[in-house]
Amino acid sequence: MSNSFDDIPFFDEEPEPAPRRQQVPSDRQQPTQSGPLGGSQGGLGIAARAMAARDGARPAADYLSGLNPEQREAVETIDGPVLVLAGAGTGKTRVLTTRIAHILETGRAWPSQILAVTFTNKAAREMKERIGVLVGGAVEGMPWLGTFHSIGVKILRRHAELVGLRSDFTILDTDDVVRLIKQLIQAENLDDKRWPAKQFAGMIDGWKNKGLLPPDIPEGDARAFANGKGRELYAAYQARLRTLNACDFGDLLLHPITIFRKTPDLLKEYHQKFRYILVDEYQDTNTAQYMWLRLLAQRPKDVPQNVCCVGDDDQSIYGWRGAEVDNILRFEKDFHGAKVIKLERNYRSTEHILGAAGHLIAHNEGRLGKTLFTDRVDPDDEKVIVHAAWDSEEEARAVGEEIERLQRGDGDGKKHALNDMAILVRASFQMREFEDRFVTLGLNYRVIGGPRFYERLEIRDAMAYFRLVCQPADDLAFERIVNTPKRGLGDTTIRYLHDSARARDVPMLQAASEMVETDELKPKARKALFDVVQNFRNWQERLERTEHTELAEQILEESGYTDMWKNDKSAEAPGRLDNLKELIRSMEAFESMRGFLEHVSLVMDAEQNENLDAVSIMTLHSAKGLEFETVFLPGWEEGLFPHQRALDEGGRSGLEEERRLAYVGITRAKRRCHIWFVSNRRIHGLWQSTLPSRFLEELPQSHVDVAASDSSNYGGYGGRGGYGQSRFDKAEPFANSYSTPGWKRAQANKTDATRDNWGNRSGHAVERIGYGESGPRGRTIDGELVAKSVADTPSKFSIGDRVFHIKFGNGNVAGIEGNKLTIEFDRAGQKRVLDGFVEKA
DNA sequence: ACCAGACACTTTTTT
DNA sequence: AGTGTCTGGT
């Protein structure tokens, strides 16, 4: 097949304007102006009230009645381009879902004629649910609601042959991509140390985000890698993907773009199909997504372009992975006659939180400018509280205490659920300290993000087996498992197999099945390979007639893969077996193995246990879109937040993105927001003394309190003043508050409170500037639980006891100090736990 | 095939 | 510092 990429102009000029023909083609499926509900078609599940509402002078449909005027305008402005600038907590998702419901209920389109795009599966899922509630459960009727990628796959599967693929192509994940590139680098006789595959994978990703195919990449980029072979390597990669009948994530967007450009008729069909287009989180779109969207959204003059993009330039935090805030800024230019609607009424947070966040973000220059406000007035609302700690360990301890305090209800007499609290960190290494602390406290927590289920070794191995059964051309899967478990097929054999497969341009599995008929291999290798080939033949045969979960189990059994882990005596092995069982279990929800594989490649997340009451720990990035009653923001220090690298590499715009991240963090909070900074932090192993973040100085004094933490060394923070005055002098920069009575009190306190660095340290005494409260309140002793039970009862456990812990499973007691047990867990390794959290097994 | 020691890497992450 | 990956030796 010829290289179908070579002759496609990609980034030069505007594509041909979209179809010129009149809208409203005579598609059978087309609703008339009176709407799809006018007739007696059933099965849409749209509530009957819609029909009543449509006729004559109707009262506002009840789904509209709860909206404020701006939201309502955003929902009801159906024809023509609309940009909704929706600040944090202003009801963005509500607008989006209500708008879809409105389109459906007024009979302007069938569910299948609405294209609604999100970035994450989670957002897509949530939208589906909420539309279902509004419209009465017709969620299956919205086949084109999904992520950019899942919609991309859907389109691509229909027209794969136009870009040289078969419709059963495989979607490779990052790991596969890196392995593939590594092979290519080695094939070029390049030093794979000097030119790391991972780095090149990143470059390709970057190019694809910009919509660039090999001919389009800038000279400089092409030269910068692999002794100037960057472009060739990229082209070789694309070619290799095609022979593997595979795609990477970028291709899921790029291929459809290519297809639309080279087959205008097809694009026309999509134009007719998608009468309404909606995009969520528009500030996060990258160039490729933007191109894709424009191709689909463009309409001839005089035909309304029914595009609605919703976004918030202040929450654009993905510039580093190719998002172009410009897309949002130039919306009005791209779509003529666009109506821009701002949503600024916030329903989430207190005025203090909004005030703090708003004042901070006002320091950014490149923004469209919104100011969030709320009607909520409650003198009991807490200000944002800034805390200082000596080091990250103390920070974790203090946060833990605050959490327990809220949980007990000491503060306001209300007991707070752990589910309502979150710790949002800048970088994931910060999480560890909190986890350690919470383990010791026996405080439930859950980490959001981080290493994912489907990325685990054993899961990826198992998936490789399944992939190869479904898609015998998947050489990457073949290479992954051909010698896993060990079958005596070493590097030499595999390399030989690989080379001869490439030479004859056939998949490796096929090459292997031919090779075992010859004498090319040594008898031992030949036998081993023969067995592998036989196995795959068997499994492929069973694919159509065996229940897929059953087949999956058989594959793992017969291949010896489960045995491999059963025989493995390492600590992780039992956990891995559990994960494999979990994998099979999760397949039950799918109709076929293929369906399951598709799901996994697009939806990498596995759902969390929602029933457990636990504090959430996550990065600021993954917190976007979420909200919590109480939010803890640790690590506000120069170098960490704003991150040094963002500053070094991104300059001013890097700093502004960090500031937006801070803004996102604060605006996650509904009622309480605690910010922490430490004076000493260990970075890459060495202790460094750190300066408080400049963002602290950018917070307005009127909405912020300073907490006095008595054990800390403030290191002359207030006097340092190294950042110059902010542009917001008249609003009293935060730095000034360090000369307030509260601050001085804190300074004075530290002398007598630091005397005991461990046991008797008081937690946080919160000094409320402006509320005139009477100084530090109820002091929480660190490890209160410890103190209590040590005095009362000797531990009921003894060394060697077999115990069970709800999170870590079974283990043996290895040590006892008071009521703190050191336990050697079968799966989780050694942990220190309070004895109240384990029971005798 | 397996292990030990060297070496590298250390912001954010979805799909 | 700590972890994970890769190489080179046995």
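With ring centers used as reference points, A:Y318 lies under 6.0 Å from A:H621.
Counting to the nearest Å, the C1' atom of B:dC9 and the CZ atom of A:R682 are 17 Å from each other. Atom NZ of A:K524 is separated from atom C1' of B:dA1 by 10 Å (rounded to the nearest Å). We find that CG of A:L620 is positioned 16 Å from P of B:dT11, with the value rounded to whole Å. When the P atom of B:dT10 is taken as reference, atom NE2 of A:H643 falls 10 Å away, rounded to whole Å. Rounding to whole angstrom units, CG of residue A:N567 and P of B:dC2 are separated by 12 Å. The interatomic distance linking A:E657 (CD) with B:dT13 (P) rounds to 13 Å, in whole Å. Rounding to whole angstrom units, CD1 of residue A:I317 and C1' of B:dT13 are separated by 10 Å. The interatomic distance linking A:F429 (CZ) with B:dC9 (P) rounds to 18 Å, in whole Å.
The A:K193 side chain lies nearest to C:dT7 when the options are C:dT7, C:dG2, B:dT15. In this structure, of B:dT12, B:dA1, C:dT3, it is C:dT3 that holds the atom nearest to the side chain of A:R432. Relative to the side chain of A:N483, the nucleotides B:dA1, B:dT12, C:dC6 differ in distance, and B:dA1 lies closest. Side-chain proximity of A:T619 to B:dT14, B:dT15, B:dT12: nearest is B:dT12.
With centroids closer than 5.5 Å and planes inclined by less than 30 degrees as the test, A:F249 and the base of B:dT14 fail to qualify as a stacked pair.
A:R157 forms a cation-pi arrangement with A:F169, by the criterion of a distance under 6.0 Å to the ring centre and an angle within 45° of the ring axis.
Rounded to a whole angstrom, the distance from the P atom of C:dG2 to that of B:dT13 is 23 Å.
For A:N121 and B:dT14, the shortest distance from a side-chain N or O to OP1 or OP2 is not below 4.0 Å. At B:dT11, one or more side-chain N or O atoms of A:R645 fall inside 4.0 Å of OP1 or OP2 (strictly under the cut-off). When the side-chain nitrogen and oxygen atoms of A:K182 are compared with OP1 and OP2 of C:dC6, one or more of them lie within a distance under 4.0 Å. Side-chain N/O atoms of A:T147 include none lying less than 4.0 angstrom from OP1 or OP2 on B:dT14.
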Let's go through A:W320 and A:H643 carefully: what are the C-alpha distance in whole Å and the side-chain angles of both, what is the deciding distance for ring pair (Phe, Tyr, Trp, His ring centres under 6.0 Å) to 0.1 Å, and is it a yes or a no? CA-CA 13 Å; A:W320 52 275; A:H643 199 280; over 10 Å; no

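A perpendicular orientation is assigned to the rings of A:Y454 and A:F596, their planes being inclined by more than 60° (bins at 30° and 60°). Ring-plane geometry between A:F632 and A:W676 is classed as tilted, the angle between the planes lying from 30 to 60 degrees on a 0 to 90 degree scale.
For A:K154, the NZ atom sits in a packed shell: over 12 heavy atoms of surrounding residues, nucleotides or ligands are nearer than 6.0 Å.
Between A:H149 and A:G488, it is A:G488 whose nearest contact on DNA chain B lies nearer the 5' terminus.
A:K624 comes within 4.0 angstrom of nothing in the nucleic acid, heavy atoms only. Counting non-hydrogen atoms under 4.0 angstrom, A:Q289 reaches nothing in the nucleic acid. Residue contacts for A:T174: at a heavy-atom cut-off of 4.0 Å it reaches a base atom on one of the strands shown.
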